[in-house]
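What follows is one structure encoded as structure tokens, with my remarks underneath.
Note on naming: letters A, B, ... go to the chains in the order of the sequence lines (proteins, then strands), and numbering restarts at 1 for each one. Only heavy atoms go into these numbers, but all of them, side chains included; no hydrogens, no water, no symmetry mates.
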There are 2 protein chains.
Amino acid sequence: MMKYRRIPEETIRRMPRYLRAFSTLGGHGRGFLSSRQLADYLHLNPPQIRKDLSYFGDFGTRGVGYPVSQTAEQIRKILKLDVSQKAVLIGAGRLGTAIASYPGFAIFGFNIAAIFDNAPAKIGKKIAGLTIQDTARLAAIRSGDVHLAILAIPGEAAQTCADTLVQAGVRGILNLSPCWLRVPKRVKIVSIDLAMEMGTLPYYIK
Amino acid sequence: MMKYRRIPEETIRRMPRYLRAFSTLGGHGRGFLSSRQLADYLHLNPPQIRKDLSYFGDFGTRGVGYPVSQTAEQIRKILKLDVSQKAVLIGAGRLGTAIASYPGFAIFGFNIAAIFDNAPAKIGKKIAGLTIQDTARLAAIRSGDVHLAILAIPGEAAQTCADTLVQAGVRGILNLSPCWLRVPKRVKIVSIDLAMEMGTLPYYIK
DNA sequence: TTGTGTTTGTACTCACTTTCACAAGCTCAT
DNA sequence: ATGAGCTTGTGAAAGTGAGTACAAACACAA
Ligand SMILES: NC(=O)c1ccc[n+]([C@@H]2O[C@H](COP(=O)([O-])OP(=O)(O)OC[C@H]3O[C@@H](n4cnc5c(N)ncnc54)[C@H](O)[C@@H]3O)[C@@H](O)[C@H]2O)c1
Ligand SMILES: NC(=O)c1ccc[n+]([C@@H]2O[C@H](COP(=O)([O-])OP(=O)(O)OC[C@H]3O[C@@H](n4cnc5c(N)ncnc54)[C@H](O)[C@@H]3O)[C@@H](O)[C@H]2O)c1
């Protein structure tokens with residue numbers, strides 16, 4: 001039972017999937033889900049799922065499966081999503097506004113605590129119950145326990161803004177602008193370039 | 001000069017990156033970019049880039065680098081982005097509206113040709129110069145040469161809608177809803193679940 | 001023409017990831 | 001209590017991708 005192996009990066013990347021599957025398939029019920037059922041839903045192979053979960057402990061019961069609510073709670077603990085994670089949203093443009101009013105972040109424990117923009121016309125306005133604040137006062141978030149940020153500003157401003165966020169104590173950034181950010185190693189970036197992701201689609205059309 | 005090797009999936013996934021880099025770094029100029037310069041910008045290793053590009057031909061010149069406009073055009077050809085690719089957008093909600101008016105898809109040759117929704121209150125309204133059409137009439141796109149779709153509707157409706165799209169001749173789908181679509185093998189899906197992607201961030205916060 | 005400096009293209013090696021196969025362990029009917 | 005039927009957890013094998021090192025090729029100066 002040597003569980004001191006290194007946990008693969010790809011396993012970490014799949015953990016939120018499992019959480020999503022347990023939340024969706026399990027409903028609010030307290031039943032069990034087998035690696036087979038999970039695999040069918042997530043389009044993965046059962047042994048992959050079993051191995052991934054087993055890196056963190058023996059969550060399942062042989063002959064039965066994984067207990068829904070218990071395993072979900074375990075994954076939340078592993079990903080540190082068991083406590084509400086405050087995030088700031090930078091950029092109250094088209095994409096930022098959509099994100100601000102999106103309830104889907106709550107399932108993962110994310111809570112948008114503040115919205116910033118640098119356009120005078122937008123500062124002071126309210127979206128999703130939050131008043132848009134001036135980016136110039138971004139440093140003030142240092143006092144609160146905000147460690148996450150969502151970047152929804154133009155690419156040209158993204159690096160400068162990321163620098164400020166890191167200065168303000170942010171440790172993780174979801175970057176939606178089409179550029180590659182340079183940050184200290186302790187800061188984790190997840191970049192999503194929607195247009196670019198779509199760029200592979202025509203290749204596969206025969 | 002045996003170039004009959006299998007092209008790795010990961011290489012395909014990186015090709016749009018290279019296109020983005022050539023577009024951004026190269027500007028409209030007609031200079032050269034070395035694998036080193038590209039790597040610095042994209043946060044990759046130079047040999048990785050050279051190997052990826054060499055799968056498709058000898059685009060570079062030793063001692064010089066890759067010719068910007070020529071290589072960009074080659075990559076567009078490889079990804080079939082050299083011709084304008086029509087796409088339909090399904091869902092004129094918060095996210096759909098943001099996407100409809102986003103100019104960033106054009107760089108990759110994407111052109112949103114029509115917008116659909118099933119809400120009576122939205123059908124007939126205009127966004128981004130396009131009149132929102134009734135999803136019930138989605139099958140009509142068969143006549144036009146539309147092979148791509150962007151799905152920005154709730155997860156519960158996504159699978160049914162995907163089925164209709166496939167019936168209507170769509171061969172590639174950018175799915176933004178938090179669910180895993182089941183489609184025939186000939187259809188390519190790129191799914192992006194923003195909330196889920198963010199789910200790994202807290203894990204890395206020490 | 002020759003030498004120097006630079007950069008590509010790629011064989012080889014190494015690392016990571018996924019899949020396979022099966023023993024161990026649980027449930028439940030008899 | 002026992003056996004039949006599942007499902008987990010995991011070592012070993014297979015598959016895939018990344019990194020290293022270097023020869024080949026080009027530009028340009030002398
Ligand atoms: N809209 C989309 O569908 C979409 C799709 C993919 C990617 N993106 C990317 O997301 C980002 C935002 O896109 P958008 O469409 O919402 O753009 P937008 O122009 O509608 O909004 C950008 C917002 O950022 C604000 N801003 C600009 N510079 C700022 C700064 N230095 N500090 C704070 N705020 C600043 C602007 O005032 C504006 O409100 C862009 O990088 C874009 O490329 C958008
Ligand atoms: N808003 C965000 O920031 C965000 C972020 C991540 C993911 N998403 C996902 O993107 C999708 C859309 O999100 P949203 O925030 O724009 O939702 P929304 O409710 O604002 O918009 C959904 C739109 O889809 C339409 N619709 C519903 N069922 C339909 C059907 N069967 N056919 C055609 N149209 C239909 C609705 O009329 C509405 O206009 C959802 O799956 C959501 O989970 C949104």
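With sequence neighbours excluded, no residue forms a salt bridge (Lys or Arg N to Asp or Glu O under 4.0 Å) with B:Arg17. Among residues two or more places apart in sequence or in another chain, the salt bridge (Lys or Arg N to Asp or Glu O under 4.0 Å) test is passed with B:Lys188 by B:Glu9. The side chain to side chain contact (heavy atoms under 4.5 Å, CB included) check on B:Ile192 picks up A:Ile192, A:Leu194, A:Glu197, B:Leu174, B:Leu176, B:Val190, B:Leu194, with sequence neighbours excluded. Taking the side-chain hydrogen bond (donor to acceptor under 3.5 Å, both in side chains) definition, one finds that B:Ser191 meets it with B:Asn175, sequence neighbours left out. The salt bridge (Lys or Arg N to Asp or Glu O under 4.0 Å) search around B:Arg76 returns B:Glu73, not counting sequence neighbours. With sequence neighbours left out, the side chain to side chain contact (heavy atoms under 4.5 Å, CB included) criterion links A:Gln70 to A:Pro67.
Atom CD1 in A:Ile49 sits about 16 Å away from atom P in D:dT10, given to the nearest Å. Here the P atom of nucleotide D:dA24 and the CG atom of B:Asp58 are 15 Å apart, to the nearest Å. Rounded to an integer number of Å, the gap from OH of A:Tyr66 to P of C:dG25 is 16 Å. Between the CG atom of A:Asp52 and the P atom of C:dT17 there is a distance of 11 Å, rounded to whole Å. Atom pair B:Leu53:CG and C:dT8:P shows a separation of 10 Å (rounding to whole Å applied). B:Arg50 places its CZ atom 16 Å from the P atom of D:dA24, with the value rounded to the nearest Å. Summarising the geometry, the separation between CZ on B:Phe56 and P on C:dG9 is reported as 13 Å, rounded to the nearest angstrom. Distance B:Tyr55 OH to D:dT16 C1': 10 Å, rounded to the nearest Å.
Out of D:dT10, C:dT8, D:dG17, the shortest distance to the side chain of A:Arg5 is found at D:dT10. Here the nucleotide nearest the side chain of B:Arg6, chosen from D:dG17, C:dT19, D:dT8, is D:dG17.
For the side-chain hydrogen bond (donor to acceptor under 3.5 Å, both in side chains) condition, the pairs that include at least one residue of residues 149-159 of chain B, sequence neighbours left out, are B:Gln159-B:Asp163. Residue pairs meeting the ring pair (Phe, Tyr, Trp, His ring centres under 6.0 Å) criterion with at least one member in residues 65-102 of chain B, sequence neighbours excluded: B:Tyr102-B:Phe105.
Judged by a 6.0 Å distance limit and a 45° cone about the ring axis, B:Arg171 is not positioned over the six-membered ring of A:Tyr204.
For the OP1/OP2 pair of C:dT17 and a distance below 4.0 Å, the side-chain nitrogens and oxygens of A:Gln48 include no atom meeting the criterion. Between B:Asn45 and D:dG19 there is a side-chain polar atom (N or O) within less than 4.0 angstrom of OP1 or OP2.
Overall bending of the helix from C:dT1-D:dA30 to C:dT30-D:dA1, expressed as the angle between end axes built from five pairs apiece, is 10° (10° steps).
Residues from residues 32-43 of chain B with heavy atoms under 4.0 angstrom of DNA chain C, sorted by number: B:Ser34, B:Ser35. Applying a 4.0 Å cut-off to non-hydrogen atoms, the residues of residues 9-17 of chain A that approach DNA chain C are A:Glu9, A:Glu10, A:Arg14, listed by residue number.
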Is there any protein nitrogen or oxygen under 3.5 Å from a nitrogen or oxygen in nucleotides 26-30 of chain D, and what are the pairs?
from: D:dC26; atom 1: O4'; to: B:Arg62; atom 2: O; distance (Å): 3.4

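Nucleic acid contact for B:Pro47: base, since at least one base atom lies under 4.0 Å from a heavy atom of the residue.
A donor-acceptor pair shorter than 3.5 Å cannot be found between the side chains of B:Arg142 and B:Gln167.
In the interface, the side chain of A:Lys51 is not paired with the base of D:dG9 through any donor and acceptor atom under 3.5 Å apart.
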**OP:** Take A:Ile90 and A:Leu138, measure what side-chain contact (heavy atoms from CB on, under 4.5 Å) needs, and give me the verdict at the end.
**Re:** CA-CA 9 Å; A:Ile90 321 292; A:Leu138 202 58; 3.6 Å; yes
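Two residues are said to be in side-chain contact when any heavy atoms from C-beta on lie closer than 4.5 Å; A:Leu148 and B:Ile205 meet this criterion. Residues B:Val170 and B:Ile173 meet the side-chain proximity criterion, which asks for heavy atoms closer than 4.5 Å.
Heavy-atom minimum distance, A:Phe108 versus A:Arg20: CE1-NH2, 3.4 Å.
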